[in-house]
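Heads up: the structure comes next, in structure tokens.
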Amino acid sequence: MTQGKIVTRFPPSPTGYLHIGGARTALFNWLLAKQNGGKFILRIEDTDKARSSEEATQAILESMEWLGLDWDEGPYFQSRRTPIYDAFIDRLLSSGKAYYCQCTPEELEKKREVAKSRGLKPKYDGTCRELGLGPEAGSVVRLKSPLTGKTHLKDLVKGSISFNNDELDDLILKRSDGSPTYHMAVVADDISLGITHVIRGDDHVNNTPRQILIYQALSESLPDYAHVPLILGPDKARLSKRHGATSVLAYRDMGYLPHALINALSRLGWSYGDQEIFTLDELIEKFSLENVGKAAGVFNAEKLLDLNAHYIKEAETLSLAKALLPFLDRLGIKDPDPNLVAKAVDTLKIRCKTLLEMAEGALFYFQEDMSYEQKGDQKFLKPAFLDLLEDLRRRLEQWTDFTEKGLEELFIAFMDAKQIKLGKIAQPLRVALTGKTASPGIFEVMNVLGKEKVLERIRKAIDHIQKKVNE
RNA sequence: GUCCCCAUCGUCUAGUCUGGUCCAGGACACUGGCCUUUCACGCCGGCAACACCGGUUCAAAUCCGGUUGGGGACGCCA
């Protein structure tokens, strides 16, 4: 079936944002194409004019770009390819494989209801099938599909599946407004774009025999099909908006790294032994439809978070610093000193799971007038620590080596002189410098902040304590 | 209702095709400990699953049948 170059495609309909499930489908198609030096095509399925929107299209393209799923061709827009579909429909009409039908949507709806109430499958009853009707206003074109026999699907992940043709009805190919329906457009596009592999969600399994019937009526050869299992929410129902964040862009905005999402998505339904962490090159090399499972799976947001933490830890400081900028900006830190951002990132890398968390954790480095966390204020900025802080400040004033090593040296001497442990001074100092009881290592913080700010912040803390004393 | 698909720890999964090496392995989460200036990181340990019933076989998570459970599809939506 498949000779030569592999051609895959991702065909979202622009009726909403790109969600996790769609992104995974796109990823699998992309990986298969990359792995085989093939082509990955992006096609926007916007035949439903009422529900499609430009915003959705943009959001989808933005999501794909952010994930790094670049396409070799397209985006093609189905709304601009009408002549192609018409040509296919004409072929079907002239070979007697399709016919005009004048049943109205209302009549059809009624028929469906009747069938359902009798416990039958609601399908078209063939009223116009043998009438030899011509094209008239309001008529649609239907496929004249076989009444008997079976249609077989050899699925690359599901195996062989067969359907009785009497389960399938004469589906509409062309609407009364002249536009092609989904099935017609998909088949016509996949043929004309030379698609060799159709990787899509499980929910299309039942559509596939209908599409196969169109290929057969057209005497065209079939692509290879691979239906990947659906992604479920925690309640085991198909993942949807009500399960919380499902859009790719939402994860970007929450501070996830694109590769963390890619890695998480790749492992949802696919596996490679016990390996959990994959570089992009490894995914391209190791991905295989054979290792795609058959069962639907629940999207595990916690695992994605863990993966994100992992990749943040591993990321280059400079690229992280750059990625952090929009998040700092959102928190009111405009045009920060790049040098300072990089240093801050270095201290926060191992303790943050998202960029958003990192930006929040970095705030104290940039704020001129930061406030004290209530708990830390009460516990550590009190008279009992006044002498300690004052003495420490005097020593720091004389000290020039603000490297971590140098500071440690000073502290050892200080602790020795005061006969205290580091914890005793570290916590009050931490609150004085960061406003919080939890922060990066105290020497790191001092080093990044620099002598001037450190002295200033200790001064402020001392004043703050004294104010309490006076009250 | 009809048709299609699926079924291993709470979750993602390895193992199933080619039965024995699996009293079922890894990861996340949870949890005990170590490390430690806080928070983390890291390291060591623990908890935890073959849906059920029947068959085939010397032997079944693996093969077969049924049951139950879950998901999906039945549009002039995609």
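In what follows, chains carry the letters A, B, and so on, assigned in the order in which the sequence lines appear, proteins first and then strands, with residues in each chain numbered from 1. Below, all heavy atoms of this structure are taken into account, side chains as well, without hydrogens, waters or symmetry copies.
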If you measure from the [atom1] atom in [N] to the same atom in [M], how many Å do you get, rounded?
{"N": "B:A48", "M": "B:C23", "atom1": "C1'", "result": "15 Å"}
{"N": "B:C30", "M": "B:U11", "atom1": "P", "result": "16 Å"}
{"N": "B:C50", "M": "B:C12", "atom1": "P", "result": "16 Å"}
{"N": "B:G72", "M": "B:A78", "atom1": "C1'", "result": "15 Å"}
{"N": "B:G25", "M": "B:U16", "atom1": "P", "result": "16 Å"}
{"N": "B:A29", "M": "B:C52", "atom1": "P", "result": "29 Å"}
{"N": "B:C4", "M": "B:C77", "atom1": "P", "result": "27 Å"}
{"N": "B:G15", "M": "B:U62", "atom1": "P", "result": "15 Å"}

Establish, from distance only, whether the side-chain atoms of [X] and [Y] form a donor-acceptor pair under 3.5 Å.
{"X": "A:Tyr251", "Y": "A:Asn308", "value": "no"}
{"X": "A:His310", "Y": "A:Asn263", "value": "no"}
{"X": "A:Tyr85", "Y": "A:Asp189", "value": "yes"}
{"X": "A:Thr434", "Y": "A:Arg430", "value": "no"}
{"X": "A:Thr208", "Y": "A:Arg200", "value": "yes"}

Heavy atoms from C-beta onward define the side chain here; which of [options] lies closest to that of [X]?
{"X": "A:Arg238", "options": "B:G71, B:U37, B:C76", "value": "B:G71"}
{"X": "A:Leu268", "options": "B:A78, B:C41, B:C12", "value": "B:C12"}
{"X": "A:Leu108", "options": "B:G72, B:G26, B:C76", "value": "B:C76"}
{"X": "A:Arg142", "options": "B:G71, B:U38, B:C76", "value": "B:C76"}
{"X": "A:Arg175", "options": "B:U11, B:C12, B:C76", "value": "B:C76"}
{"X": "A:Arg351", "options": "B:C5, B:A40, B:G1", "value": "B:A40"}
{"X": "A:Thr181", "options": "B:U38, B:C76, B:A29", "value": "B:C76"}
{"X": "A:Phe163", "options": "B:G72, B:A78, B:C3", "value": "B:C3"}
{"X": "A:Pro105", "options": "B:C41, B:C76, B:C4", "value": "B:C76"}

Evaluate whether atom NZ of A:Lys349 has more than 12 neighbouring non-hydrogen atoms of other residues, nucleotides or ligands under 6.0 angstrom away. yes

Does atom OH of A:Tyr272 have more than 12 heavy-atom neighbours, drawn from other residues, nucleotides or ligands, at distances under 6.0 Å? no

For the pair [X] and [Y], name the ring-plane relationship: parallel under 30°, tilted 30 to 60°, perpendicular over 60°.
{"X": "A:Phe287", "Y": "A:Phe28", "answer": "tilted"}
{"X": "A:Phe443", "Y": "A:Phe411", "answer": "perpendicular"}
{"X": "A:Tyr372", "Y": "A:His464", "answer": "tilted"}
{"X": "A:His227", "Y": "A:Tyr225", "answer": "parallel"}

Is the distance from OP1 or OP2 of [N] to the nearest side-chain N or O of [X] less than 4.0 Å?
{"X": "A:Thr15", "N": "B:A78", "value": "no"}
{"X": "A:Arg112", "N": "B:U2", "value": "no"}
{"X": "A:Lys236", "N": "B:U11", "value": "yes"}

What is the distance, rounded to the nearest whole Å, between atom [atom1] of [X] and atom [atom2] of [N]?
{"X": "A:Leu230", "N": "B:A73", "atom1": "CG", "atom2": "P", "result": "7 Å"}
{"X": "A:Leu168", "N": "B:G75", "atom1": "CG", "atom2": "C1'", "result": "15 Å"}
{"X": "A:Phe380", "N": "B:U38", "atom1": "CZ", "atom2": "C1'", "result": "8 Å"}
{"X": "A:Ile231", "N": "B:U13", "atom1": "CD1", "atom2": "C1'", "result": "14 Å"}
{"X": "A:Lys294", "N": "B:C17", "atom1": "NZ", "atom2": "P", "result": "12 Å"}
{"X": "A:Lys303", "N": "B:C28", "atom1": "NZ", "atom2": "P", "result": "7 Å"}
{"X": "A:Glu302", "N": "B:U11", "atom1": "CD", "atom2": "C1'", "result": "8 Å"}
{"X": "A:Phe278", "N": "B:U13", "atom1": "CZ", "atom2": "C1'", "result": "11 Å"}

What nucleic acid atoms does [X] come within less than 4.0 Å of, heavy atoms only: base, sugar-phosphate, or nothing?
{"X": "A:His227", "value": "nothing"}
{"X": "A:Cys103", "value": "base"}
{"X": "A:Lys313", "value": "sugar-phosphate"}
{"X": "A:Asp306", "value": "sugar-phosphate"}
{"X": "A:Val298", "value": "sugar-phosphate"}
{"X": "A:Ser176", "value": "base"}

Pair partner, [N] [Watson-Crick or wobble, under 3.5 Å]:
{"N": "B:C63", "answer": "B:G55"}
{"N": "B:C23", "answer": "none"}
{"N": "B:G32", "answer": "B:C44"}
{"N": "B:C39", "answer": "none"}
{"N": "B:G1", "answer": "B:C74"}

With sequence neighbours left out, the residues meeting salt bridge (charged side-chain N to carboxylate O under 4.0 Å, His left out) with A:Asp170 are A:Arg129

Atom CG in A:Leu429, atom CD1 in A:Ile442: separation rounded to 0.5 Å? 4.0 Å

Of all the heavy-atom pairs spanning A:Asp46 and A:Gln78, show the shortest one and how long it is. OD1-N, 3.2 Å

Going by modelled atom types, is there a donor-acceptor pair between the base of B:U37 and the side chain of A:Arg430 at under 3.5 Å? yes

Classify the side chain of A:Asp274 and the base of B:G25 as holding, or not holding, a donor-acceptor pair under 3.5 Å. yes

Please work out which residues in residues 435-445 of chain A have a non-hydrogen atom less than 4.0 Å from an atom of RNA chain B and list them by number. A:Thr437, A:Ala438, A:Ser439, A:Pro440, A:Gly441, A:Ile442, A:Phe443

Residues from residues 45-56 of chain A lying under 4.0 Å of RNA chain B - heavy atoms: A:Glu45, A:Thr47, A:Asp48, A:Arg51

Nearest-nucleotide check on RNA chain B, A:Gln275 vs A:Lys174; residue mapping nearer the 5' end is A:Gln275

Comparing A:Gln102 and A:Asn164 on RNA chain B - which has the more 5′ nearest nucleotide: A:Asn164

